[in-house]
Structures are given as C-alpha cells and as structure tokens.
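In what follows, a single structure is set out as structure tokens and then discussed.
Predicted, not measured: the structure shown is a model, and the values here were computed from it. Here is how names work: the chains are called A, B, and so on, in the same order as the sequence lines, proteins then strands, and each is numbered from 1.
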Amino acid sequence: MTAAPRLSRPSMDDAALIAAIAGGNLEALGEVFDRHQAEVRRYLASLGIPAGDIDDLVQTTFLEVTRAAPRFDPKLSARAWLLGIATVMVRRHRRSMGRAFARLARWSGAVRKDAPPTPVEFVESDETSLRLQRAFDALSEKKREVFVLVTLEGLSGEDAAHALGIPVATVWTRLHHARLELRAAIEESEP
Amino acid sequence: MTPKSPAPSSSSDTGCARAWQAGAVLDSRLTGTDRASFERHAATCAVCAHEVRALAALGAALERKSAPQPTPLELRRRRSQLLERANALVVRGPARWSTLRLAAAAAAILLVVAIGWGVRSSDRHQPMDPAAAIATPTYRLSTSSRAWQILEKTSSVRLELREGQFELAVDKLVPGQRFLLALPDGELEVQGTRFTVDVADRRTRSVSVQEGRVALRIAGHRERILVGGDAWPPASDPTDAATNEEHEPPLQVARPPASAAHRAPSPGPSDAGVSDRDASESKPTADAGSAPSAQGEFTLAMSAFSAGDFARAEALFVAFEQHHPGDGRVEDSTFLRAVARSRRGDMAGAQALARQYLRDYPKGLRRLEAERLAEGR
C-alpha cells in the first residue's frame, strides 16, 4: 500500500477528510475524531447509552469510519453519515448486551436479573422532567433515534433518513409518534 | 408543498384542525407562504400557539442530558488509541482497506437459481448414494468459471462460489434436503424458490426473490428471510441490507482481518498443563475452503459449550475471535472461554483468562463474574 498523502492546510472539509481516510490517511481520521467526537458522545448519551460504555462506542464508531469511508457519498451530509454509523454501533451493542444477559442466566450461574445499566442520570427534582425522561427512555429504539437526530441534533428530515436508511416519510411518522408519547407524559403530570 | 397531515387524533385532541402544522413548522417541513399562513393563524389561535410552545419545550427539556466530557489528557489518549487500532487494521488487513479501492476491476457473479427451469447445463450431478434415506439434492450447473468448488454433497449440497457467472437449476427439495451457496461475504440457502443474486467485488450486491423463500445470511448482518416479491437491499436504498422497518443504516461492515492486535488469545498458564495453545491447536470442525460466517462460527462454539465439550468450545471461540475480532460477541466469547476452562478443571487457566477479560473489558458486562472467577471464588 502506498504511503497516504499528508493532509494539506488549511483544514479540509469533512467530505475531503473522509475521502482521505478511505485512502488510508490516519491523520484525516484523527482530524475527523477531533471535530466530531463530542457530538457523537452527546448523541450516544441521548440514546441512553450508559456513561461507562460511551467511550468504547465512540472508539468503535470512529474505527468503523475507516471501514465505511470508501462508500461515503460526498453528496450526503458527513455529520448525518457519522451519526448513522454511531446508530449501527448502538444497535449492535444492545443486541450484544441482550445475548450476553440471556447467556449468563443459562451458563454462568450468576443470574443477572436487573436490566442493563441505567441511562446517564442527572439530578433533577422537577417531577415533570422526571416523567419526561422516563417517557423518553421508554420510547422504542427507532422513535428515540429519530427524535434525537431531528430534535436534539438538528438534522433535517432528509439527513436523518439517510443516516438511518429509512424513507423521509418514516422519519416524520416516527417523530410524530415520539412527540405524542412524550407530550402524554408531560400532560399526565400537569394539574 | 404542504406536508400531509398525520393521524387525525392529534388534531381532534387539540381542538384545532391546523394544530398538526406546529410540528411541520418546527421540522422546517412547512415553508414559504404555508409557513407564513400558519404563523398568522397561530398568532390568534391559543391551541396552535400552545402546540408550538409545547413541542419546542420537548427538545429544550431533553437537551439538558449530556455525557461527561473527558479531560484533554484523556481525549488525547483516546485519540491515540483510536489511531493505533486503525493502524492495526491497515497493517494487518491492507488487502481489505486497499481492495475497497479496486472495485472497478473485480468480476461480477450473476446467479440465477430456478426450480424446474430447462437450463442448458454443462454438468449434471447425481445423488451419490441413491440408497440413502435422504437423497442428495439434484441440480444443474452451467458455468465457464473455475472459481468454485463442491464443499458438501450428502443430503445437503453446499457449493462455494468465489467469482464468475453461474446458472443453476435446483430441483424441488424434499424434507431433510438442503441446498446452500457459500458466497464471499455470506451464505445463501435455497428454500424452494426462484430468485436472483448479484455478487461482485467480494460482496453480495443484491438479491431479489421472484417466488418462494430464501434465507440470506451476510457476515455482520442478521439473517433475513426474503419471500416472493422481496428484494435486498430495497430499491430506495441500494447501499446496504434493508427491508421495510427492520434494517440498519446504510453501512457495509467489512469482515475484519483474520487477526488483530487486541484480540490475540493470550497464552494461558496452567498447572494442569493445558494452555491456550493447546486449545488453539485443536482442530475445530469447519468446511474446508469455506468462508466462515461470524454467526456460524459462534453458533458452532456455543453448541459445543452446551454439549459440555469445553475443550472444543474453547478452540472454536478462539477461532471465532481470530476470524471476527470486530464482532460484538467477542466479549461474550472471551468470557465464555474463561468459563469453559474452569469447567475443564483448570482453575489457574480460568483465572488467567478472566484477568485477560477484565483487562480487555474493564467496564464489561460480566466484570463482576469475571472478578469472582479471577479471584478463584
């Protein structure tokens, strides 16, 4: 494999960096990590990933970038693409956890009856916020992903659709139902 | 263009027929004159004004959630770790990273499998043992390629297709018979059907089923059952496996290199004279020349574990970890190797493997059990 060309200065846009990563440029990977690791961390936390697992999933996400980079379409949003990768990593992580718990109950003899680690907790004395948080945690994985990407991360419907690999109409449908469930939780606590 | 109204229940519940547009405005689906019209309406409609405020409040209330940020030193350390691991991928799997750039040069495999089609054939295979209780499936193969081989020819027929164009006609299968194709990146099993598979550049590009039923297993993806009319991936997203609501984002996960720096099995000290080397030198059963899928290898290892054949299970887990170091089940495999070793009576070896698990997965799901095992409890 030939030596990867060094990045030129000034800094390149995300699409150019991803193209460089596809060519084996690790400096470009480091640059992408510097630019986006915080929002990937935030996204993972918003999806309810325990704090203890976020570091591993951030690493896994950016490592996966090296494999997926050759297939990145520069016409699409790099940010949406990256969050889409993070979404895949989260789903695999959850499937792995589910299998692990089932297996432990059968073979290790140390039955773990509790659910997977609780989401990141923040101190909040307001009951409405607690209800909202519980309702958010109770959202299905698919609705939560859409809600986080569109409402919290500010992706457009089209970008969210690309990130998740679903039609735009499905994005709006899931978002609508997510909002209904969350609204119901708030209205339940109102006098 | 005005977006469609969602379920009518939302409008009727809020008491204004336009309340549903509040969400559309927030999502920027309502623009131009439609948006201006709604804004004028909301200025005089308490219901719609409340709807806009309530939806905006949802996002604001949940935005307070955040992940603890690492210190600058921790961040530099993690960045270095990432680059080291990425470099390991490049060093140990350069063919994978560079092969992706040679897509245009690879030949395509186009496969058409039919039941009862009168396909011209260059070879006709007969059952090897007509007297067997379950006969070998019969099929007709037509190809000019030499990049294929027969892996199995009993009540199940298993062919490996590596490169080229193949036409097959598979006769109707009876109960107990199976017909499988080992693809470069997965497996296809005929379940009585007519379908088309396109394989190129060591990837399965598409599968479309005209009639019947097909089980498609691609490395790194869950098994998919496709029936008549189904296609993989769907026409709207040609970049990856996706069917209706049950699919993953467009992402092709390449098979990781055969070995990776952080997944090499550690040598296991043992006062019983049994070590990881013994386990890894044991010959796990696998189809010669086949491309093992992660699911297949892991299932094989779990079957051995369930059957109480812990030595074989350990060897199979080692092989699984070496072949698929990026698979999400490697953590399970690492822990179960420790358990298998303890079941074999080698407590020193089990303790060493448990400590390896704790080093590799300090926040792993089974850290409590691994700690007990490492302490010999």
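In this structure Tyr43(A) satisfies the ring pair (Phe, Tyr, Trp, His ring centres under 6.0 Å) test with no other residue, sequence neighbours excluded. In this structure Phe147(A) satisfies the ring pair (Phe, Tyr, Trp, His ring centres under 6.0 Å) test with no other residue, sequence neighbours excluded.
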What's the verdict on side-chain contact (heavy atoms from CB on, under 4.5 Å) for Arg78(B) and Gln37(A), showing C-alpha distance, side-chain angles and the deciding distance? CA-CA 10 Å; Arg78(B) 284 167 195 159; Gln37(A) 62 84 24; over 6 Å; no

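When heavy atoms are compared at a cutoff of 4.5 Å, Phe33(A) approaches chain B solely by way of its side chain, counted from C-beta outward. Interface residue Gln81(B): backbone and side-chain heavy atoms are both found under 4.5 Å from chain A. Leu44(A) does not touch chain B: none of its heavy atoms, backbone or side chain, sits under 4.5 Å away.
Between Asp137(A) and Arg144(A) no salt bridge is recorded (no basic side-chain N to carboxylate O distance below 4.0 Å).
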